Participant: 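One structure coming up, written as structure tokens, with questions to follow.
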Amino acid sequence: MRVKYEDTRSREIRVEDYDMVVLAPTMKPPKELQKLANTLGLELDRYGFIKVNPPANPVETNIPGIFVAGSASGPTDITESVLMGLAAAAQAVGFMRKSIIETEEFSETIETEKPRIGVFVCHCGTNIAGVADVPALVETARQLPGVVHAEDVPFACSKAGLDRIADSIKKNNLNRVIVAACSPPATHLRFFQDAARRAGLNPYLVEMTNIRNLDTWVHNDRKVATEKAKDMIRMAVAKAPLMRPFRPEKLGIIKRALVIGCGPAGLAAINALANADVETIVVELGGRCGGPYLNDFVIKYLPEGARAKELVNKLIRVLENPPRVRVYYGTTVKEVTGFTGNFHVVLSNGVELDVGAIIVATGASPVNAVNYNAGDGLNIVTIHDLVNRGV
């Protein structure tokens, strides 16, 4: 057989003779996955599959309480899909066994009714002090309404810097704290909140303004950067009197799981959840569970030699266990709101339900090899063909 192909490394077109050609076409995510990811708030990787985060946990996503299994996160075979489904369900069960979201207890000794604002400006090495005029920022802060203390702190997020802030809060009886420093509040705010907590101040009375990333990293002109930083500090100080003490509530976790997709991975997850006595809702776009593996002409054998159809049929038996398991066929997820452990889900059929954990097992589809003339009598076979022939 003469084959004309492109060597993608050298970009050369070659023509050579072969006795057999084996194609290993890739897999692609379902066309609806982008929409589902947007609804759930999930990140996708550069190939369009659900991104696993962290990489060490193959079923964890960027949203706590939402797990992924099977080919929804990348190409997998049936055996891997089943294992991932079991892993996702096991983690979902462990997650839902928590009766409450634990919160840290702390004592408050500082009165908060009349605002006494403290402003701390971080040098952050040359990142801030090398561009903006830090002493001028401190002097501006001292003149603002409600500010009773302002100082500059070298490397405020260091242990020495945090201890200095905590001491200043106690010494000056500060009940609102503004930290003009670096990095988004999601990474550094908790350090300054811990310092306030140690000083006896409610940690939710701490506000950050990011004068590094949003200012000194943007403007090279010292005067421009300094004036912008002053404005950012003014805005934070203006917000401070509106801040109120807050204590997180303890909320119950809903012990019900939603599984999206019921191919091998979804079915394995459903089985594990049902065996753990967890009520499970299943949403399936198609008209039945099992995916394409119920058809022998798609995948007949597993690499280990077992028949794929027999394994899938064994997993499907869990669906015979209502009301513990409910399945909605021909249905998609329309909207997801709420938060970790308390998700509110609206389905395309109008059904609304509350769940504590979500497992995404939407699978993937083999790329059609028809463009390679497979199946036209030539000796061209795909990986699926080899597996089904028992190779």
Side-chain angles (χ1 to χ4, degrees), residues 30 32-33 36 39-40 42 50 52 57-61 63 65-73 76-97 253-295 299 302 306-333 336 341 343 345 347-349 351-364:
E32 294 287 329
L33 188 57
L36 177 61
T39 301
L40 297 175
L42 297 178
I50 295 175
V52 175
N57 187 339
V59 300
E60 190 172 346
T61 70
I63 304 295
I66 300 183
F67 306 92
V68 63
S71 294
S73 62
T76 58
D77 61 25
I78 297 177
T79 304
E80 291 175 312
S81 295
V82 170
L83 291 174
M84 290 179 70
L86 293 171
Q91 293 189 39
V93 169
F95 176 82
M96 289 185 291
R97 279 178 178 166
I253 290 179
I254 300 171
K255 297 182 179 179
R256 182 184 304 115
L258 172 67
V259 179
I260 306 174
C262 56
L267 287 170
I270 297 164
N271 272 268
L273 290 166
N275 290 337
D277 203 31
V278 174
E279 182 182 353
T280 306
I281 310 298
V282 184
V283 173
E284 168 58 38
L285 179 61
R288 63 177 181 176
C289 289
Y293 304 104
L294 289 176
N295 302 320
I299 288 289
L302 301 180
R307 291 182 69 91
K309 187 175 181 179
E310 293 178 0
L311 171 62
V312 174
N313 280 330
K314 182 179 179 180
L315 293 172
I316 284 178
R317 292 172 191 163
V318 70
L319 304 180
E320 302 172 359
N321 185 30
R324 182 58 60 189
V325 178
R326 283 185 286 162
V327 185
Y328 294 101
Y329 295 108
T331 305
T332 59
V333 174
V336 175
F343 298 110
V345 182
L347 305 181
S348 59
N349 60 4
V351 172
E352 298 188 23
L353 49 98
D354 297 309
V355 298
I358 299 175
I359 295 176
V360 181
T362 52

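Just so it is clear, the model here is predicted, and its values are computed rather than measured. Just the heavy atoms: all of them, side chains too, but no hydrogens, waters or symmetry mates, feed the values below.
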Participant: Any donor-acceptor pair under 3.5 Å linking the side chain of Glu284 with the backbone of Cys289?
Facilitator: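 Not confirmed, Glu284 side chain does not pair with Cys289 backbone.
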Participant: Do the non-hydrogen side-chain atoms of Val333 and Leu36 ever get within less than 4.5 Å of each other?
Facilitator: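 Result yes, sub-4.5 Å side-chain heavy-atom pair found.
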Participant: Would you say Thr280's side chain and Ile270's backbone share a donor-acceptor pair under 3.5 angstrom?
Facilitator: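 No: the side chain of Thr280 does not pair with the backbone of Ile270.
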Participant: Please examine the side chains of Thr332 and Glu32, heavy atoms only from C-beta on, and report whether any two atoms are closer than 4.5 Å.
Facilitator: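 In short, these two side chains do not touch, never coming nearer than 4.5 Å.
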Participant: Looking only at the side chains, is there a donor atom on one of Ser71 and Thr76 sitting less than 3.5 Å from an acceptor on the other?
Facilitator: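 A donor-acceptor contact under 3.5 Å links the two side chains.
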Participant: Identify the two heavy atoms, one from Ala257 and one from Val355, that lie closest to each other, and give their separation to 0.1 Å.
Facilitator: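 For Ala257 versus Val355, the nearest heavy atoms are C-CG1, 4.2 Å.
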Participant: Which heavy atom of Ala72 sits nearest to which heavy atom of Leu33, and what is that distance?
Facilitator: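 In terms of heavy atoms, the two residues are closest at O-CD2, 3.9 Å.
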Participant: Which heavy atom of Pro58 sits nearest to which heavy atom of Val68, and what is that distance?
Facilitator: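 Minimum heavy-atom separation between Pro58 and Val68: O-CG1, 4.0 Å.
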Participant: For a salt bridge (charged side-chain N to carboxylate O under 4.0 Å, His left out) with Glu279, tell me which candidate from Lys255, Arg256, Arg324 qualifies.
Facilitator: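 Among Lys255, Arg256, Arg324, the one that satisfies the salt bridge (charged side-chain N to carboxylate O under 4.0 Å, His left out) with Glu279 is Arg256.
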Participant: Answer yes or no: is there a donor N or O on one side and an acceptor on the other, between the side chain of Thr61 and the main chain of Ile66, under 3.5 Å?
Facilitator: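 A pair under 3.5 Å: yes.
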Participant: I want to check something: taking the side chain as every heavy atom from C-beta on, are Ile63 and Ile358 in contact at a cut-off of under 4.5 Å?
Facilitator: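 Not in contact.
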Participant: Given the rule in the side chain to side chain contact (heavy atoms under 4.5 Å, CB included) test, do Leu353 and Leu347 qualify, once you have shown the distances and angles that lead to the verdict?
Facilitator: CA-CA 8 Å; Leu353 49 98; Leu347 305 181; 4.0 Å; yes
Participant: Any idea which heavy atoms bring Leu42 and Ile50 closest together, and the distance?
Facilitator: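 In this case the closest contact between Leu42 and Ile50 is CD1-CD1, 4.0 Å.
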Participant: About how many Å separate CD1 of Ile260 and CD1 of Ile281, when rounded to the nearest 0.5 Å?
Facilitator: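 It is 12.0 Å, given to the nearest 0.5 Å.
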Participant: Which heavy atom of Thr331 sits nearest a heavy atom of Tyr329, and at what distance?
Facilitator: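 That closest heavy-atom pairing would be OG1-O, 2.8 Å.
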Participant: Work out which heavy atom in Gly70 is nearest to a heavy atom in Ser81; give both atom names and the distance.
Facilitator: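 In this case the closest contact between Gly70 and Ser81 is CA-OG, 3.7 Å.
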